[in-house]
2 protein chains.
Amino acid sequence: MMESAGWQEQLSRVGVRLTTSREIVANILHDTQRHLSAEDIFIRAVQVNPSIGLTTVYRALELFTDIGIVQKFDFGDGKARYELASDHHNAEHHHHLICIKCKKIINYDDFVQEELELMKKTEKALSKKHHFKIMHHIIHFYGICEHCR
Amino acid sequence: MMESAGWQEQLSRVGVRLTTSREIVANILHDTQRHLSAEDIFIRAVQVNPSIGLTTVYRALELFTDIGIVQKFDFGDGKARYELASDHHNAEHHHHLICIKCKKIINYDDFVQEELELMKKTEKALSKKHHFKIMHHIIHFYGICEHCR
DNA sequence: ATGAAAATGAAACCCATTTTCATATTTGAA
DNA sequence: TTCAAATATGAAAATGGGTTTCATTTTCAT
Ligand SMILES: [Mn+2]
Ligand SMILES: [Mn+2]
Ligand SMILES: [Zn+2]
Ligand SMILES: [Zn+2]
């Protein structure tokens with residue numbers, strides 16, 4: 001598995017500064033398996049640097065998303081959630097299972113390998129047909145979790 | 001292809017009234033291939049009944065989504081978009097290609113058949129493993145469209 | 001060190017969606 | 001039919017995640 005460059009190098013490549021705020025946000029994302037909202041991240045960031053602003057967190061997340069080291073999700077609970085893009089994550093590429101009642105999110109990667117092969121193929125065909133440059137994809141399953149039956 | 005019950009029957013089955021507002025919203029969704037926002041729908045609804053309120057449109061959409069005749073999407077442009085669920089639509093089940101620049105959405109169903117087989121299989125395995133009752137899924141490809149290159 | 005460019009935080013703002021509440025419509029029991 | 005309870009509706013106000021503004025601070029190249 002080819003590991004891509006770290007976020008620090010990505011930032012300088014894009015010509016953007018490697019600030020402590022950004023480092024804090026990147027570390028928080030690196031250290032969790034969860035799907036944190038901007039405010040979740042802000043709360044943790046304040047533990048590290050009490051003077052950090054929520055706005056700065058939003059700005060870091062937007063930047064990271066734009067340059068592809070973070071993936072932004074909407075799971076339907078009214079706030080965006082973020083995780084490191086798979087290339088930059090410890091974890092493997094994975095997809096999601098979402099409870100429409102309690103909004104619990106489960107990562108799964110058991111079947112992703114087969115999915116990815118098909119996605120690759122589909123991606124190629126779609127790119128050609130619609131002249132799209134495809135950057136990434138999502139697969140979400142929605143349903144009712146054990147607990148919410 | 002097994003066609004499921006119409007939305008009218010669905011409503012009465014759920015014990016909810018078949019009002020003209022709801023009919024207007026259902027018809028608008030039935031008559032388009034597009035991915036309309038609540039306000040898009042409201043604007044069209046006013047053409048039919050100038051006294052209808054935006055709130056009522058939101059309420060109808062929430063109801064329809066809850067009972068499964070409408071699927072609500074977030075394509076990342078800050079407002080929810082709605083389409084009839086595939087069982088209730090003329091169109092076949094399809095997936096989406098989204099331009100992250102101009103937010104254009106393309107339906108595709110060329111490759112969905114193969115995707116669906118795999119999804120079915122995955123769905124079954126995930127249901128079992130995580131004790132989830134899976135209701136539906138989405139597959140979205142994100143990229144840059146021809147026009148936004 | 002020094003000035004320009006980039007980044008930051010607080011407050012104000014935006015805007016899609018939800019809530020409230022008073023009014024209207026529907027339903028079905030009497 | 002009639003009438004009261006249950007439901008649905010519209011306008012206005014409230015909510016809340018996210019963005020913009022702007023004055024200040026930090027960083028970087030010279
Ligand atoms: Mn995940
Ligand atoms: Mn569609
Ligand atoms: Zn649940
Ligand atoms: Zn585009």
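From a predicted model like this one, the values you see are computed outputs, not experimental measurements. Convention: sequence-line order gives letters A, B, ...; per-chain numbering from 1.
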Please pick, from C/dA10, C/dT17, D/dT9, the nucleotide with the shortest atom-to-atom distance to any side-chain atom of B/Thr56.
D/dT9
Listed nucleotide nearest any side-chain atom of B/Ser21, set D/dG18, D/dT9, D/dA8
D/dT9
Nearest-neighbour nucleotide for the A/Glu39 side chain, D/dA8, D/dG17, C/dT19 considered
D/dG17
Looking only at side-chain N and O atoms, does B/Arg22 come under 4.0 Å of OP1 or OP2 in D/dA8?
yes
Name the orientation class of the two ring planes belonging to B/Trp7 and B/Phe64 (parallel below 30°, tilted from 30 to 60°, perpendicular beyond 60°).
tilted
Ignoring backbone atoms, test whether A/Tyr58 places a side-chain nitrogen or oxygen under 4.0 Å from the OP1 or OP2 oxygen of D/dT19.
no
Compute the ring centroids of A/Tyr108 and B/His130, then answer whether they are less than 6.0 Å apart.
no
Using 30° and 60° as the class limits, which term best fits the ring planes of A/His35 and A/His94: parallel, tilted or perpendicular?
perpendicular
For the residue pair B/Asp40 and B/Arg81, establish whether any side-chain heavy-atom pair is separated by less than 4.5 Å.
yes
C/dT8, C/dG9, D/dA8: which one has an atom nearest the side-chain heavy atoms of A/Thr19?
C/dT8
Dot-bracket for DNA chain D, 5' to 3', counting Watson-Crick or G-U wobble pairs under 3.5 Å, with [ ] for crossing pairs and | for inter-strand pairs?
||||||||||||||||||||||||||||||
Between D/dT21, C/dT17, D/dT9, which nucleotide has the shortest distance from any of its atoms to the side chain of A/Arg59?
D/dT21
If only atom types and distance count, is the side chain of B/Thr19 paired as donor or acceptor with the main-chain N or O of B/Arg22 below 3.5 Å?
yes
Heavy atoms from C-beta onward define the side chain here; which of D/dG18, C/dA7, C/dG9 lies closest to that of A/Arg17?
C/dA7
